[in-house]
Engineer: 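Sharing a structure with you now.
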Amino acid sequence: NAGVTQTPKFQVLKTGQSMTLQCAQDMNHNSMYWYRQDPGMGLRLIYYSASEGTTDKGEVPNGYNVSRLNKREFSLRLESAAPSQTSVYFCASSERFGWGGYEQYFGPGTRLTVT
Amino acid sequence: KQEVTQIPAALSVPEGENLVLNCSFTDSAIYNLQWFRQDPGKGLTSLLLIQSSQREQTSGRLNASLDKSSGRSTLYIAASQPGDSATYLCAVRPQYGNKLVFGAGTILRVKS
């Protein structure tokens with residue numbers, strides 16, 4: 001039982017390049033999330049998927065797209081990377097969305113630098 | 001809009017000291033509050049989760065309290081150890097939905 005896994009662990013991109021961050025969970029969770037973490041700002045929600053087949057914008061969605069490929073996998077795509085997207089990206093999952101307070105479990109993060 | 005603030009931003013203490021980390025939030029309509037630990041270059045590990053109806057939760061040397069009406073939570077660490085050095089994050093879950101709102105964290109260093 002690996003929990004939440006993310007690939008790659010590190011990535012350096014040039015401005016304008018594109019890439020996809022991968023996330024998978026093996027806990028049979030319905031809901032998945034993408035956050036970014038910047039110094040002094042805590043984690044901010046980029047997109048989330050309350051259940052397979054649905055995605056919604058979070059607090060900072062501009063410049064990103066997501067795909068809920070199946071129940072296990074939720075990917076984050078940067079179509080044209082910008083230096084402002086240099087950050088640490090975390091994927092998380094929870095059993096369900098909605099009121100009920102389901103605990104979120106986090107992956108180890110992807111450190112992305114855009115030059 | 002819910003905002004979460006953590007004070008202090010950084011704290012350095014000698015080994016063995018008891019210490020308190022503070023978290024405040026602007027909207028008291030929360031479902032629960034969670035404290036996380038983050039080691040350098042790692043993901044988040046959940047430490048304690050307090051439901052809105054609870055006043056405190058304890059796990060080993062950690063004790064978290066919640067005063068929902070005043071929008072405050074504290075994380076108390078007893079007899080601190082160098083292994084406690086990490087960033088501690090507080091997050092609240094609004095009453096509806098499952099979107100966590102995080103504070104910026106407190107960087108703790110325990111000196112041996």
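On a predicted model such as this, the values are computed, not experimentally measured, just so you know. All chains are named by letter (A, B, ...) in the order of the sequence lines, taking the proteins before the strands, and each is independently numbered beginning at 1.
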Engineer: Name the region of A:Tyr35, side chain, backbone, both or neither, that has any atom closer than 4.5 Å to a heavy atom of chain B.
Structural biologist: side chain

Engineer: Is it the backbone or the side chain of B:Gln34 that comes under 4.5 Å from a heavy atom of chain A, or both, or neither?
Structural biologist: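 Side chain only.
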
Engineer: Tell me which of these, A:Gln104, A:Met41, A:Gln6, has more heavy-atom pairs under 4.5 Å with chain B than the rest.
Structural biologist: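 Of the candidates given, the most pairs with chain B belong to A:Gln104.
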
Engineer: With a 4.5 Å heavy-atom cut-off, do B:Asn32 and B:Gln54 have their side chains touching?
Structural biologist: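 Answer no - side chains too far apart.
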
Engineer: Which answer fits B:Leu100, side chain, backbone, both or neither, if we ask what part of it has an atom under 4.5 Å from a heavy atom of chain A?
Structural biologist: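 Contact with chain A involves both backbone and side-chain atoms of B:Leu100.
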
Engineer: Determine whether A:Phe90 and A:Val4 make a side-chain contact, defined as any pair of heavy atoms from C-beta on separated by less than 4.5 Å.
Structural biologist: no

Engineer: Does any part of the side chain of B:Ile77, heavy atoms only, come nearer than 4.5 Å to the side chain of B:Leu108, both counted from C-beta?
Structural biologist: yes

Engineer: Which bit of B:Leu44 is near chain A, if near means a heavy-atom gap under 4.5 Å: side chain, backbone, both or neither?
Structural biologist: both

Engineer: Under 4.5 Å between any side-chain heavy atoms of B:Leu75 and B:Thr106, yes or no?
Structural biologist: no

Engineer: For B:Lys99, which atoms come within 4.5 Å of any heavy atom of chain A: side chain, backbone, both, or neither?
Structural biologist: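 Its backbone and side chain both get close to chain A.
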
Engineer: Count the heavy-atom pairs under 4.5 Å between each of A:Glu59, A:Gln37, A:Lys9 and chain B, then report the option with the highest count.
Structural biologist: A:Gln37

Engineer: Please classify the contact of A:Arg44 with chain B as side chain, backbone, both or neither, using a heavy-atom distance under 4.5 Å.
Structural biologist: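 It is neither, since no heavy atom gets under 4.5 Å.
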
Engineer: Has B:Arg61 got more than 12 heavy atoms of other residues, nucleotides or ligands less than 6.0 Å from its CZ?
Structural biologist: yes

Engineer: Taking NZ, NE, NH1 and NH2 as the nitrogens, is one of them in B:Lys1 or B:Glu3 under 4.0 Å from a carboxylate oxygen of the other?
Structural biologist: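 Answer for the salt bridge query: no.
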
Engineer: What residue in A:Tyr105, A:Tyr33, A:Phe106 has the most heavy-atom pairs under 4.5 Å with chain B?
Structural biologist: A:Phe106

Engineer: Chain B heavy atoms under 4.5 Å from A:Leu43: which part of the residue, side chain, backbone, both or neither?
Structural biologist: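 Both backbone and side chain.
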
Engineer: Would you indicate whether the side-chain heavy atoms of A:Leu21 and A:Tyr64 approach each other to under 4.5 Å?
Structural biologist: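 Sidechains of A:Leu21 and A:Tyr64: no contact.
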
